[in-house]
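Single-structure report; data block below.
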Amino acid sequence: MLDLKFVRENIGTVEEALRKRRSDLSLEGFRGLDEKRRTMLTAVETLRAERNAASEEIGRLRREKQDAAGLMERMKAVSAAIKEAETGLPDIEARMDALLLNIPNIPDASVPDGAGEEDNPVIRTWGTPREFDFPVRDHVDIGESLDILDFERATKIAGGRFCLLKGAGARIERALINFMLDVHTGEHGYTEMLPPFMANSASFLGTGQLPKFEDDLFKVEGTDYYLIPTAEVPVTNIVRDEILDEGVLPLKMTAYTPCFRKEAGSYGRDVRGMIRQHQFNKVELVAISKPESAFEELEKLTSHAEEILKRLGLPYRVVTLCTGDMGFSSAKTYDIEVWLPSQGRYREISSCSCFSDFQARRAKIRFRDGTTGKTRLAYTLNGSGLAVGRTSVAILENYQQPDGSVTVPEALRPYMGGIDRIVRR
RNA sequence: GGAGAGGUGGCCGAGCCGGCUGAAGGCAACCGCCUGCUAAGCGGUUGUACGGGUAAAACUGUACCGAGGGUUCGAAUCCCUCCCUCUCCGCCA
């Protein structure tokens, strides 16, 4: 959420940001609504001030055993006038809130302008895609022939966009989760969290998934709970409604969770395999930072995610999302894309964002400035470190062998009970 | 699921037979004093949001004592509904 005062005073800037984002949201009604609200508020507050003053007077008279009946009688009219003046105000405020909650964050000045994916500049590339001297198979073929991935039975159990991992397939996911968490906690300074996999609507509002993106979420019927689409939701909300000591910043947390997404609107995209699932595993990195160092933190956080790919020997590149491709709440986002031989291209495996104070304002995440003693909104960041399912896919495909087996990346072997190759058993 | 207790400021905690309570007291933080340094001690300051006001302050209005509604001239205090937490019992990984 943007600051109301900021929108009022910089409506041009906000409209420019909407244009850059290729958003069709209009601020047409904002000015009128805002003025109407302020006019009404002033009227109501003036009457209330009158009532408060009279009430105080009544209290004083009664204490002094004087008659206050006349004043009380007159105040009945004022009270009625207040009720009158208040009608319509809740509606105006609700409309203001709705408008404000649906305005996306303003892209950071360093974000390149562009319409979509094709305009995202590549800022660095690591590793060289391997040359294959045999026909490359995709992870579905590899996984099914090794009997470690089973899509048919997953469909029987649940439905489309689910996957059953078996044997070494399940083991790889577990190994990756442990590997990633160990690196981030042991070497990158994050504290491990294991949060609830459902969260209430207030939390989803806090990180910006609600009210705009309810259609992408699984809601638990008859409750106020939604299944989390990312650990960002429960982990960032750990500090919701809190005023933090400046000294604890940057607060760095990591968490493994499964993620649940409806993937509504992606019919026909990535239907094959485990690229796009209703449920997938992810290790998330979250940082709560001071504004001054937040974009520096974004660089670090991104490099922490990249480190996992480096150790696994998986070629990747990093792109900056352009204004038209950025998420609703983000001020700046880097996507890390891993090389998938079967597709002959890089595919997103991590998305690292700085949200400036956009989430913090919604979620009331603040800190006390040590020098001024004032409370300030913190900046929030997060990134995948990494999407585990897609990492498994990348390993299967990049490390496939002509005989159908898959070599286990060296860094992962300690987590795989020492085995160096996955073969059909 | 049954019974009981409770939700107050950064934290703890009074107030809860309605007005003098935006809220005692303590802690914490900050600023002074004191001090060789630290500690102790002494004095002072410190909520949030939205308006008005100002060059910026000062200043000022309103709202906020879990959420929403009601009674009343007036509600942290009374009434209703809901949410949450804790304790005991039951059930259970």
Side-chain angles (χ1 to χ4, degrees), chain A residues 1-10 30-101 194 196-206 210 219-220 222-226 234 237-249 251 288 290 357-358 360-378:
Chain A
M1 184 163 63
L2 298 177
D3 180 43
L4 172 62
K5 223 176 293 177
F6 177 85
V7 177
R8 184 184 300 145
E9 287 164 12
N10 302 277
F30 175 82
R31 182 88 60 189
L33 209 54
D34 182 44
E35 268 164 25
K36 185 150 184 211
R37 173 177 164 271
R38 283 203 279 174
T39 308
M40 291 181 77
L41 215 52
T42 307
V44 170
E45 290 186 352
T46 307
L47 284 168
R48 281 187 190 155
E50 186 184 347
R51 183 191 65 190
N52 288 350
S55 292
E56 210 170 300
E57 177 68 9
I58 290 168
R60 195 185 60 80
L61 287 173
R62 295 190 47 137
R63 248 173 288 126
E64 293 170 3
K65 309 283 185 215
Q66 295 187 48
D67 180 51
L71 194 51
M72 281 164 65
E73 195 54 40
R74 265 185 288 137
M75 280 306 109
K76 280 191 180 174
V78 174
S79 276
I82 290 174
K83 274 218 170 81
E84 175 72 24
E86 278 172 342
T87 53
L89 196 56
D91 178 57
I92 301 255
E93 304 220 294
R95 279 162 64 194
M96 274 304 267
D97 279 352
L99 191 61
L100 225 44
L101 283 172
L194 188 57
F197 299 162
M198 301 177 216
N200 56 32
S201 56
S203 294
F204 280 83
L205 208 61
L210 287 179
K219 179 159 195 188
V220 182
T223 71
D224 184 41
Y225 303 144
Y226 294 81
N237 276 286
I238 289 172
V239 290
R240 170 158 55 88
D241 286 322
E242 292 194 17
I243 298 175
L244 305 164
D245 282 334
E246 188 178 359
V248 308
L249 304 178
L251 188 62
I288 313 293
K290 290 203 271 186
D357 59 11
F358 190 84
R361 184 171 295 107
R362 289 169 166 246
K364 296 197 182 68
I365 302 170
R366 293 161 296 175
F367 69 97
R368 200 171 293 285
D369 190 304
T371 50
T372 64
K374 295 277 180 203
T375 56
R376 299 171 62 195
L377 290 170

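Labels below follow one simple rule: chain letters A, B, ... track the order of the sequence lines, proteins then strands, and each chain is numbered from 1. Keep in mind the model is a prediction, meaning the values are calculated, not measured.
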(message) In this structure, how many angstroms lie between the P atom of B:A49 and the CD atom of A:Glu93, rounded?
(response) 16 Å
(request) To the nearest 0.5 Å, tell me how far A:Gln66 CD sits from A:Glu57 CD. (result) 8.5 Å
(request) Test for a donor-acceptor pair under 3.5 Å between the base of B:G61 and the side chain of A:Glu45, counting only N and O atoms. (result) yes
(message) Could you tell me how far B:G2 sits from B:G10 if I compare only their C1' atoms? Round to whole Å.
(response) 38 Å
(request) Rounded to whole angstrom, note down the C1' distance from B:C27 over to B:U46. (result) 14 Å
(message) A:Lys219: which residues meet the salt bridge (charged side-chain N to carboxylate O under 4.0 Å, His left out) condition with it, sequence neighbours left out?
(response) none
(message) Between A:Leu2 and A:Phe358, is there a side-chain heavy-atom distance shorter than 4.5 Å?
(response) yes
(request) Please measure how far the P atom in B:G74 lies from the corresponding atom in B:C12, and state the result in whole Å. (result) 34 Å
(request) For A:Arg8, enumerate each residue passing the salt bridge (charged side-chain N to carboxylate O under 4.0 Å, His left out) test, keeping only those at least two apart in sequence or located in another chain. (result) A:Asp34
(request) May I ask you to say what A:Arg361 touches in the nucleic acid, namely base, sugar-phosphate or nothing, with a heavy-atom cut-off under 4.0 Å? (result) nothing
(request) Considering only atom C1', compute the distance from B:G25 to B:G9 and round it to an integer number of Å. (result) 13 Å
(message) Nearest whole Å is fine: how far is B:G22 C1' from A:Glu56 CD?
(response) 13 Å
(request) With C1' as the reference atom in both, quote the distance from B:G43 to B:C34 in angstrom, rounded to an integer. (result) 11 Å
(message) Strictly below 4.0 Å, N to O, side chains only: are A:Glu9 and A:Lys5 in salt-bridge contact?
(response) no
(message) By nearest atom, which of the nucleotides B:U48, B:C20, B:G52 is closest to the A:Arg366 side chain?
(response) B:U48
(request) Tell me what A:Lys5 touches on the nucleic acid: a base, only sugar-phosphate, or nothing, going by heavy atoms under 4.0 Å. (result) sugar-phosphate
Between the protein and nucleotides 68-74 of chain B, which nitrogen or oxygen pairs are less than 3.5 angstrom apart?
| residue | atom | partner | partner atom | Å |
| --- | --- | --- | --- | --- |
| B:C73 | OP1 | A:Lys76 | NZ | 3.4 |
| B:C73 | O4' | A:Met72 | O | 3.3 |
| B:C73 | O3' | A:Ser79 | OG | 2.9 |
| B:G74 | OP1 | A:Ser79 | OG | 2.9 |
| B:G74 | O4' | A:Ser55 | OG | 3.1 |

(request) Starting at atom CZ of A:Phe367, determine the distance to atom P of B:C30, rounded to an integer number of angstrom. (result) 16 Å
(request) Please state the P separation for the pair B:G26 and B:U87 - nearest whole angstrom. (result) 30 Å
(request) Pick the C1' atom in B:C59 and in B:G18, then give their distance to the nearest Å. (result) 31 Å
(message) Please list all pairs meeting side chain to side chain donor-acceptor pair (under 3.5 Å) that have one or both residues in residues 75-90 of chain A, counting only residues at least two apart or in different chains.
(response) A:Arg48-A:Glu86
(message) I need the CD-P distance between A:Glu242 and B:G47, as an integer number of Å.
(response) 20 Å
(message) Just to be sure I follow the notation: if a pair is Watson-Crick (purine N1 to pyrimidine N3 plus N6-O4 or O6-N4) or a G-U wobble (N1-O2 and O6-N3), each under 3.5 Å, what dot-bracket string does RNA chain B give, with | for pairs to another strand?
(response) ((((((((.[[[..)...(.....]]]((((((.......))))))((((((......)))))).[[[[[..)....]]]]])))))))....
(message) To the nearest 0.5 Å, what is the distance between CG on A:Asp67 and CE on A:Met72?
(response) 9.0 Å
(message) With no hydrogens and no angle check, just 3.5 Å: does a side-chain donor-acceptor pair link A:Ser55 and A:Asn52?
(response) no
(request) Hey, which sits more toward the 5' end of RNA chain B by its nearest nucleotide, A:Arg37 or A:Arg63? (result) A:Arg63
(request) Would you mind reading off the distance between A:Leu41 atom CG and B:A49 atom C1', rounded to a whole angstrom? (result) 11 Å
(request) Please state the P separation for the pair B:C65 and B:G52 - nearest whole angstrom. (result) 24 Å
(request) May I ask you to evaluate whether A:Arg8 reaches the phosphate of B:G51, defined as a side-chain N or O under 4.0 Å from OP1 or OP2? (result) yes
(message) I need the A:Arg361 CZ to A:Asp3 CG distance, nearest 0.5 Å.
(response) 4.5 Å
(request) For A:Arg95, enumerate each residue passing the salt bridge (charged side-chain N to carboxylate O under 4.0 Å, His left out) test, keeping only those at least two apart in sequence or located in another chain. (result) A:Asp91
(request) Nearest whole angstrom, please: distance from the C1' of B:A67 to the CG of A:Asp224. (result) 13 Å
(request) Take atom CG of A:Asp241 and atom C1' of B:C64, then tell me their distance rounded to the nearest Å. (result) 14 Å
(request) Nearest whole angstrom, please: distance from the P of B:C50 to the CG of A:Asp34. (result) 12 Å
(request) Could you pick out which residue, A:Leu4 or A:Lys364, lies toward the 5' side of RNA chain B when each is mapped onto its nearest nucleotide? (result) A:Lys364
(message) Any heavy-atom pair between the side chains of A:Asp224 and A:Phe204 that's under 4.5 Å?
(response) no
